[in-house]
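Here, residue 1 is the first one in the sequence, and each next residue gets the next number. What you see below is based on every heavy atom in this structure, not just the backbone, and it leaves out hydrogens, waters and symmetry mates.
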Amino acid sequence: MKKTQKKSLWADAWKRLLKNRLAIVGLVVLGLFIVMAIFADFIAPYHYAEQHLDKTFLFPCKEFLLGTDDLGRDILSRLIYGARISLQIGFVSVAISVAIGGALGAVSGFYGGMADNIIMRLMDMMLAIPSVLMAIVIASVLGSGMGNLMLAIGISSVPSYARIVRASILSVRDEEFIEAARLSGCSDLRIILRHIFPNILAPVIVQVTLSMALAILSASALSFLGLGVSAPLPEWGAMCAAGRNYIRGYWYMVTFPGLTIAIVVLALNVLGDGLRDALDPRMKK
């Protein structure tokens, strides 16, 4: 009966999401970028590092649809391969945030007391620093590189997940099914993983979509500042940074990577808004 009820709740949420046309557009756009990232080797006209030194600074044309950069590299191909890097940064950094923040929030909300006070005060200290600034500091300490970039962005977003998970656990930890699980001899870890987490997934899922947009923006900002992905990897923010010196004469070198970032972030934001409405029981008609 309980499993049937859960399936019904998720089915109702999916139906409400389908009614939100803007959210579906965001989902389709995100899906297209994911497909583009997976099959970049087959979709891209050229390899992202392939140079055509006799065709540098070409404006968009038939051979190079989005033009070439200062080294004669096809910008369209670099954007397609860049989807693989930017989305990977988004997924991995959010996974780091969910893992660390979820664990801290679970301990804080489930046990309370001294553990709750210590963890939440630590999270308050981290929240006092803007997430982008914290990511810049962490990336500066760790050094440039894709792995360090994902770790920096992931750590900077931990407090938001810790607070969300803690608040969600506080709302369900005293329910009857939790007491029944405790009386049946289930361990604390089993109660958290098998009984509590499935009931607090909705706000976490919404936060994941919104955090991915922030992660991609943060990665672009750090790469623009030289603290992110190293050349010649075609990260979108790094492409904007590389083209900023030529923006007056060759506007397309910055415009197309910037538009790509804006489109993906907008798609994630509208999808997150749609998921929030779909998973909110108060929106049920």
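Rounded to the nearest 0.5 angstrom, Glu235 CD and Met146 CE are separated by 8.5 Å. Note that CG of Asp74 is 7.5 Å distant from NE2 of His52, once rounded to the nearest 0.5 Å. Rounded to the nearest 0.5 Å, atoms CE (Met114) and CG (Asn117) are 6.5 Å apart. Atom CG of Leu271 and atom CG of Leu275 lie 4.5 Å apart (nearest 0.5 Å). Here Leu149 contributes atom CG and Ser220 contributes atom OG; the two are 9.0 Å apart, rounded to the nearest 0.5 Å. With values rounded to the nearest 0.5 angstrom, Leu58 atom CG is found 12.5 Å from Leu66 atom CG.
A 6.0 Å sphere centred on CZ of Arg21 holds no more than 12 heavy atoms belonging to other residues, nucleotides or ligands.
Residues Ile118 and Val107 do not share a hydrophobic cluster, defined by chaining ILVMFWY side chains whose heavy atoms lie under 4.5 Å apart. Note: the hydrophobic cluster containing Leu79 does not contain Leu266 (ILVMFWY, side chain heavy atoms under 4.5 Å, direct or indirect links). The hydrophobic cluster containing Ile80 also contains Phe42, counting ILVMFWY residues as joined when their side-chain heavy atoms lie under 4.5 angstrom apart, directly or transitively. Criterion: ILVMFWY side-chain heavy atoms under 4.5 Å apart, direct or through other members. Under it, Trp236 and Val254 are not part of a common hydrophobic cluster. When hydrophobic clusters are built by joining Ile, Leu, Val, Met, Phe, Trp and Tyr residues whose side-chain heavy atoms come closer than 4.5 Å, directly or via intermediates, Tyr250 is not grouped with Leu71.
No donor-acceptor distance shorter than 3.5 angstrom exists from the side chain of Ser223 to the backbone of Gly237, with no hydrogens or angles considered. Without hydrogens or angle criteria, Tyr252 side chain to Thr68 main chain gives a donor-acceptor distance under 3.5 Å. Checking side-chain atoms of Ser108 against main-chain N and O of Leu104 turns up no donor-acceptor pair under 3.5 Å. Judged purely by atom type and a 3.5 angstrom limit, Arg166 has no side-chain atom pairing as donor or acceptor with the backbone of Gly109. Side chain of Ser93 to main chain of Gly90: a donor-acceptor pair is present (N/O by atom type, distance under 3.5 Å, no hydrogens or angles). Side chain of Asn148 to backbone of Leu142: a donor-acceptor contact under 3.5 angstrom is found.
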Check the pair Val265, Asn269 against side-chain contact (heavy atoms from CB on, under 4.5 Å), reporting the backbone distance first and the verdict last. CA-CA 6 Å; Val265 170; Asn269 282 330; 3.5 Å; yes

Evaluate side-chain contact (heavy atoms from CB on, under 4.5 Å) for Leu65 paired with Phe256, printing each intermediate quantity in order. CA-CA 11 Å; Leu65 296 180; Phe256 292 130; over 6 Å; no

Might you work through the side-chain contact (heavy atoms from CB on, under 4.5 Å) test for Ser86 and Phe33, ending with a clear yes or no? CA-CA 10 Å; Ser86 295; Phe33 273 95; over 6 Å; no

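Within the 4.5 Å cutoff, the side chain of Tyr81 has no heavy atoms near those of the Leu233 side chain. Between Ser160 and Gln207 there is a side-chain heavy-atom pair separated by less than 4.5 Å. Using a 4.5 Å heavy-atom cutoff, the side chains of Ile138 and Leu151 are not in contact. By the 4.5 Å heavy-atom criterion applied to side chains, Ile89 and Ile216 are not counted as neighbours. At least one side-chain heavy atom of Met253 sits less than 4.5 Å from a side-chain heavy atom of Phe57. Side-chain contact check for Pro234 versus Ile85: some heavy-atom pair is nearer than 4.5 Å. Counting only heavy atoms from C-beta outward, the side chains of Asp273 and Leu22 never approach each other to under 4.5 Å. Looking at Leu127 and Met134, their side chains never come closer than 4.5 Å, going by heavy atoms from C-beta outward.
Between Ala139 and Ala152, the closest heavy-atom pair is N-CB, 3.9 Å. Looking at every heavy atom in both residues, Leu53 comes nearest to Thr56 through O-CG2, 3.6 Å. Across every non-hydrogen atom of Ser97 and Ile153, the tightest pair is OG-O, 4.2 Å. The minimum heavy-atom distance between Arg73 and Glu50, with the atom names listed, is CG-O, 3.3 Å. Closest heavy-atom contact between Leu76 and Pro45: CD2-CG, 4.2 Å. In terms of heavy atoms, Gly105 sits closest to Val165 at C-CG1, 3.8 Å.
Legend: residues meeting salt bridge (Lys or Arg N to Asp or Glu O under 4.0 Å) with Glu63, ordered by chain and number and at least two apart, are Lys55.
Sequence neighbours left out, the pairs with a member in residues 39-49 that pass salt bridge (Lys or Arg N to Asp or Glu O under 4.0 Å) are Asp41-Arg84.
With Met239 as reference, Ile75 is the one residue of Ile75, Asp69, Ile261, Thr260 to meet the side chain to side chain contact (heavy atoms under 4.5 Å, CB included) rule.
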